[in-house]
> 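Dumping the structure here so I can ask a few things about it.
Atoms considered below: every heavy atom in the structure, side chains included; atoms not considered: hydrogens, waters and symmetry mates. A quick note: this is a predicted structure, and the numbers were derived from the prediction, not measured. Proteins get letters first, then strands, A, B, ... in listed order; numbering begins at 1 in each.
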Amino acid sequence: MSISDSQKPAQFSLTTPLYYVNGLPHVGSAYTTMAADALARFYRLRGNDVLLITGTDEHGQKIQRTAEQLHRDPQAHCDEVAEGFQDLWQRLNIHYDRFSRTTSDLHAQIVKEFFLRVWEKGDIYLGQQQGWYCVECEEFKEERDLLSEKRCPIHTNRAVEWRDEQNYFFRLSRYQQALQDHYANSPQFLQPDIRRNEILNFVSQGLQDFSISRVNLDWGIPVPNDPKHTLYVWFDALLGYITALLEPDAEPTLENALKNWWPIDLHLIGKDILRFHGVYWPAMLMSAELPLPKAIFGHGFLTKDGQKMGKSQGNTLDPFDLVDRYGADAVRYYFLKEIAFGRDGDFNETRFIDILNADLANDLGNLLNRTLKMAVKYCEGKVPAIDPQAMPQDWSLVQLAQGAGEKASEAYSVLSFSIACEVALSLVRIGNKFIDEQAPWSRYKAGEIETVNQILYAVLESVRLAAYLLAPIVPNLSTKIYQQLGYSVDFNDLGEPTSLKLLKEHDRWGCLPPRQTFGQPEPIFQKLMAPSLDLEP
RNA sequence: AGCGGGAUAGAGCAGUGGCAGCUCGUCAGCCUCAUAAGUUGAAGGUCGAAGGUUCGAGUCCUUCUCCCGCUACCA
């Protein structure tokens, strides 16, 4: 199963949603993006060519209105918010390859070409959209959802209006069978299973065509053959994934965009937009006769202290504030380790602090620190000069470490970030027990130098392996560990082919080179303090 | 209303027929290499309720309660 060196490295492309720029990013967007970044880092470490796409969706009446309220040009408003997203991604140590914006000129070209392709297929037609319309929501409402006196259930003091307007529609109904066949033939297409079930259920009830244009909308891309209409959401935003694939100097054509990276391996999204990615999008692509993405994963939602977050509830969790107070590694670790990816999860600050201090400071950080300081004293500041292969094979730590790389790799491949972390943490926990049992400090006093060397090597190598396996989640921390062990590696600098090569075998036990000189031992993760609510002097 | 998910220790979770477990937190003993870290042990559970199948049920069946998601245009 080994890949020969002459072959091109396997490619892996993935996307986050293109986030709506109605406001600065919330923690849910950050969650998706952190997961995407961790996965991208995992594949890069494996030696794959990776393309991580994120970006912003910038059209729509809500944006236009928000800009107007701020007495600002809509584009200027979008620029500023998009910059806010990029700023947060930088703070969270996200390494994306493309940032796709739906207001870019390139995008308009791609949208036009795609639209015409579907148009020529006969899947777009002018129809009549009738229904109760809430101006605030910008949505047509089902009559059964309305409150008394035809009031919108969200904007309870506003009555909905009867609208009867011409819109363009996409013939989604035509693709029901093809979609169902695809779901059946590609069980990995919709993940996790619970979301797949929802979609299967939904599609089996029959599909209606959906409208893809609006008439009273200026801020957007005009319908190519009828500029009185403006494209609405899905025939705009979803295509941003394709626009993102254009090489920097390429002509904006579908052919150029799809040349290298299509189809996308994974669309990572929140569960709220699964239908659009799992039903609308593949149907649109089928209509355009393009290959479908390999998989779509809808992750769960976050609550805060068990409560749904929302501006109206006033209990939002600000990702900027979180990362500023605790750092990127801490935030990434909490969300990816403490929440089973795919399920809903909760943020609780006390728990956040407890978990980080226990796992990263006490267990991992302190294990490195105590072992390294012994090695500095007992082994002249170098990795003990022993043969890693000649280690006592009955040591539980060694046995565990030998299987850890593969286990973690399997976990990452199925987006089980939490399990990948547990694999690394189990090495650390067993390492702490092992060092207590073996008590190298006593053995050193008793003159058992050879055994001390073996013990310290085994523990340091386990910490190295744990750091390597955690690198997609906590790259800064892993870098610190590697540097204290004497490497000059930076896990944030993996664009370099040389460093990639260097690390390719590092998921295996026994890499740590004997006699390598250590860096300065110092705590890699300072304990977090709870915010002080103490008002007394 | 229909479909699906969930209810197990103070918190978060694992556990598809055989002694109820893991992590965090709490309390106590041990160690002294270490970031007041580590380690060992303890306390803490009538496994949502009731009934049934079985030698044996957290696990299978039936009924019920509560919570959550989906049931079409929520970026």
> With respect to the phosphate group of B:U35, does any side-chain polar atom (N or O) of A:N369 fall under 4.0 Å of OP1 or OP2?
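Checking A:N369 against B:U35: at least one side-chain N or O falls below 4.0 Å of OP1 or OP2.
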
> What nucleotide, of B:C73, B:G38, B:A37, holds the atom closest to the side chain of A:R370?
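Nearest to the side-chain atoms of A:R370, counting from C-beta on, is B:G38.
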
> Above 12 or not: heavy atoms from other molecules or residues under 6.0 Å from CD of A:Q180?
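Above 12, so yes.
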
> Let's see if you can work this out: which of B:C73, B:U35, B:U39 has an atom nearest to the side-chain heavy atoms of A:P523?
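Of all the options, the side chain of A:P523 is nearest to B:U35.
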
> Starting at atom CZ of A:F202, determine the distance to atom C1' of B:A72, rounded to an integer number of angstrom.
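The answer, rounded to whole Å, is 5 Å.
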
> Starting at the 5' end of RNA chain B and moving along, which residue's nearest nucleotide shows up first, A:A361 or A:W234?
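Taking each residue's closest nucleotide, the earlier one in sequence belongs to A:A361.
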
> Using the C1' atom on both, measure B:U46 against B:A20 and round to a whole Å.
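To the nearest whole Å, 13 Å.
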
> Given the ring of A:F301, does A:K271 sit roughly above its face, with NZ or CZ under 6.0 Å from the centre of the six-membered ring and within 45° of the axis?
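Because its charged atom sits under 6.0 Å from the ring centre and within 45° of the axis, A:K271 does stack over A:F301.
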
> So what does A:I435 hit on the nucleic acid, given a heavy-atom distance under 4.0 Å: a base, only sugar-phosphate, or nothing?
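A:I435: no heavy atom of the nucleic acid under 4.0 Å.
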
> For B:G18 versus B:G56, give the span between their P atoms, rounded off to a whole number of Å.
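Here B:G18 and B:G56 have their P atoms 14 Å from each other.
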
> Nearest to the A:W441 side chain among B:A75, B:U35, B:U32, which nucleotide is it?
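Within the option list, the nearest is B:U32.
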
> Choose from B:C73, B:A11, B:G38 the nucleotide whose nearest atom is closest to any side-chain atom of A:N432.
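Looking only at side-chain atoms, A:N432 lies closest to B:G38.
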
> Within the structure shown, what part of the strands sits under 4.0 Å from A:D363 by heavy-atom distance: base, sugar-phosphate, or nothing?
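Sugar-phosphate contact only - A:D363 comes under 4.0 Å of backbone atoms but never of a base.
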
> Within this structure, what is the CG-to-P distance between A:N366 and B:C33, rounded to whole angstrom?
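Interatomic distance, CG of A:N366 to P of B:C33: 13 Å.
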
> Reckon A:L18 touches a base, only the sugar-phosphate, or nothing at all at heavy-atom distances under 4.0 Å?
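Result for A:L18 = sugar-phosphate.
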
> Determine the Euclidean distance between corresponding C1' atoms of B:G21 and B:G15; express it in Å to zero decimal places.
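7 Å, rounded to whole Å.
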
> Let me confirm one number: the OG1-CG distance from A:T56 to A:L18, rounded to the nearest 0.5 Å.
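Atom-to-atom, A:T56:OG1 and A:L18:CG are 7.0 Å apart.
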
> Measure NZ/A:K373 against P/B:U32 and give the value in whole Å, please.
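One finds 18 Å between P of B:U32 and NZ of A:K373, rounded.
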
> Would you indicate what A:E58 reaches in the nucleic acid, counting non-hydrogen atoms under 4.0 angstrom: base, sugar-phosphate, or nothing?
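If one applies the 4.0 Å heavy-atom cut-off, A:E58 turns out to touch nothing in the nucleic acid.
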
> Distance check needed: B:U32 P versus A:K377 NZ, whole Å only.
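A:K377 atom NZ is separated from B:U32 atom P by 13 Å.
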
> Rounded to whole angstrom, note down the C1' distance from B:A28 over to B:A43.
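These two C1' atoms come out 10 Å apart once rounded.
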
> Could you give the distance separating B:A42 and B:C22 at their P atoms, to the nearest angstrom?
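Looking at atom P only, B:C22 and B:A42 are 11 Å apart.
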
> Side-chain donor or acceptor of A:Q129 under 3.5 Å from a matching atom on the base of B:C73?
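Check passes, donor-acceptor contact within cut-off.
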
> Counting the benzene-type ring for Trp, do A:Y326 and A:F352 have ring centres under 6.0 Å apart?
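Centroid distance A:Y326-A:F352: below 6.0 Å, so yes.
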
> Below 4.5 Å, heavy atoms only, C-beta onward: do A:Y19 and A:T33 meet side chain to side chain?
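Side-chain contact under 4.5 Å: yes.
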
> Using the C1' atom as the point on both nucleotides, what is the distance between B:G6 and B:G48, in whole Å?
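Rounded to whole Å, the distance is 11 Å.
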
> Would A:N453 and A:Y378 count as a side chain to side chain donor-acceptor pair (under 3.5 Å) here? Give the steps.
CA-CA 8 Å; A:N453 283 346; A:Y378 306 156; over 6 Å; no

> Fit a plane to each ring of A:F170 and A:F235, take the angle between them on a 0 to 90° scale, and name the class: parallel (under 30°), tilted (30 to 60°) or perpendicular (over 60°).
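Geometry flag for A:F235 against A:F170: tilted rings.
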
> Is A:K308 near enough to B:G69 that one of its side-chain N or O atoms lies under 4.0 angstrom from OP1 or OP2?
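Yes.
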
> How long is the straight-line distance from CD of A:E68 back to NE2 of A:H77, given to the nearest 0.5 Å?
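Answer rounded to 0.5 Å: 11.0 Å.
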
> Are A:F210 and the base of B:C73 stacked, counting only ring centres nearer than 5.5 Å and planes tilted under 30°?
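Here the ring of A:F210 and the base of B:C73 are not stacked, as the 5.5 Å and 30° limits are not both satisfied.
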
> Look at A:K527 and B:A37 and indicate whether a side-chain polar atom (N or O) is within less than 4.0 Å of OP1 or OP2.
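The answer is yes; a side-chain N or O of A:K527 sits under 4.0 Å from OP1 or OP2.
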
> Report the distance from atom OH of A:Y334 to atom C1' of B:C13, rounded to the nearest whole Å.
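From A:Y334 OH to B:C13 C1': 12 Å.
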
> Could you tell me how far apart A:Y280 (OH) and B:A72 (C1') are, to the nearest whole angstrom?
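So the two atoms are 5 Å apart, to the nearest Å.
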
> Would you say the side chains of A:Y175 and A:H182 form a donor-acceptor pair under 3.5 Å?
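A:Y175 vs A:H182: no donor-acceptor pair found between side chains.
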
> If you check every side-chain atom of A:K433, which of B:G38, B:C31, B:U40 has the closest atom?
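Of the candidates, B:U40 comes closest.
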
> Kindly express the pairing pattern of RNA chain B in dot-bracket notation, using | wherever a base pairs with another strand and counting only Watson-Crick or G-U pairs under 3.5 Å.
((((((((.[[[[.)..(..]]]].(((((.......))))).....[[[[[..)....]]]]])))))))....

> Distance check needed: B:A72 C1' versus A:L207 CG, whole Å only.
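Roughly 9 Å, once rounded to whole Å.
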
> Nearest whole angstrom, please: distance from the P of B:U26 to the CG of A:N357.
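Atom-to-atom, A:N357 to B:U26, this comes out as 12 Å.
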
> On RNA chain B, check which nucleotide each of A:K445 and A:N362 is closest to and give me the residue with the more 5' one.
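Here A:K445 is the residue nearer the 5' end.
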
